[in-house]
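Encoded as structure tokens, the structure appears first; notes follow it.
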Amino acid sequence: MLFRSYEAEGFIHLCKKDQIEWVANSFLKEVNDLAALELDLEPLKAKVQWADVPGVGCFPHLHAGLPRKCVQKIATLSRAEDGGWKISF
């Protein structure tokens, strides 16, 4: 698995809605089932840091645990005709 645990990494990798398919298709192609969480990070904004990935964009990292109350929606990703991941909220 590409992503290490929160304990090992020290933060949780996040992305914006418009980055979900890119992240899924770039790093999680071999995963069989995939879901995306829509989060309310307002209560945790002091714990979110943005990392710039040149040529790709800025990605949020959450330097804290993720309380269940911050999860607003859960969306399942499905496979597109070309085999890539596709999401619809």
Side-chain angles (χ1 to χ4, degrees):
M1 176 64 61
L2 175 70
F3 300 106
R4 299 182 309 167
S5 69
Y6 170 72
E7 290 79 15
E9 196 79 46
F11 60 89
I12 300 171
H13 291 270
L14 304 175
C15 65
K16 298 180 287 185
K17 278 185 182 182
D18 64 342
Q19 297 169 323
I20 293 172
E21 289 179 4
W22 181 85
V23 169
N25 289 307
S26 296
F27 303 109
L28 304 168
K29 273 193 160 196
E30 304 305 318
V31 174
N32 291 325
D33 297 306
L34 194 56
L37 306 177
E38 183 174 323
L39 306 174
D40 173 13
L41 292 178
E42 186 63 28
L44 300 169
K45 66 182 177 182
K47 302 285 184 181
V48 175
Q49 294 180 354
W50 292 81
D52 184 33
V53 178
V56 180
C58 289
F59 290 83
H61 291 161
L62 177 59
H63 291 265
L66 179 61
R68 184 174 221 160
K69 67 181 180 183
C70 291
V71 177
Q72 303 295 299
K73 284 185 195 172
I74 301 173
T76 302
L77 281 80
S78 58
R79 295 288 185 174
E81 287 184 27
D82 65 0
W85 286 111
K86 178 178 144 184
I87 189 166
S88 57
F89 272 102

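Heads up: numbering here begins at 1 and tracks the sequence.
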Rounded to the nearest 0.5 Å, what's the gap from CG on Leu28 to CD on Glu21? Could you check?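 These two atoms lie 12.5 Å from each other.
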Working to the nearest 0.5 angstrom, can you tell me the gap between Cys58 SG and Asp52 CG?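 Cys58 atom SG to Asp52 atom CG measures 4.0 Å (nearest 0.5 Å).
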Is there a side-chain contact (heavy atoms from CB on, under 4.5 Å) between Thr76 and Leu34 once you walk through the steps? CA-CA 6 Å; Thr76 302; Leu34 194 56; over 6 Å; no
Heavy atoms of other groups near Lys86 NZ, more than 12 under 6.0 Å: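 Incorrect, the count does not exceed 12.
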Check this for me: Gln72, atom CD, are more than 12 non-hydrogen atoms of other residues, nucleotides or ligands nearer than 6.0 Å?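 Yes.
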Applying side-chain contact (heavy atoms from CB on, under 4.5 Å), run through His63 and Phe11 and close with a yes or a no. CA-CA 4 Å; His63 291 265; Phe11 60 89; 3.6 Å; yes
Within a strict 4.5 Å, meaning less than it, do heavy atoms of the Leu14 and Leu41 side chains meet?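 They are in side-chain contact.
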For residues [X] and [Y]: do they belong to one hydrophobic cluster (side chain heavy atoms under 4.5 Å, members Ile, Leu, Val, Met, Phe, Trp, Tyr)?
{"X": "Leu37", "Y": "Leu44", "value": "yes"}
{"X": "Ile20", "Y": "Ile12", "value": "no"}
{"X": "Val56", "Y": "Val48", "value": "no"}
{"X": "Ile74", "Y": "Leu77", "value": "no"}

Does the plane of the ring in Trp22 sit parallel, tilted or perpendicular to the ring in Phe59? Use 30° and 60° as the thresholds.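 Ring orientation of Trp22 relative to Phe59: tilted.
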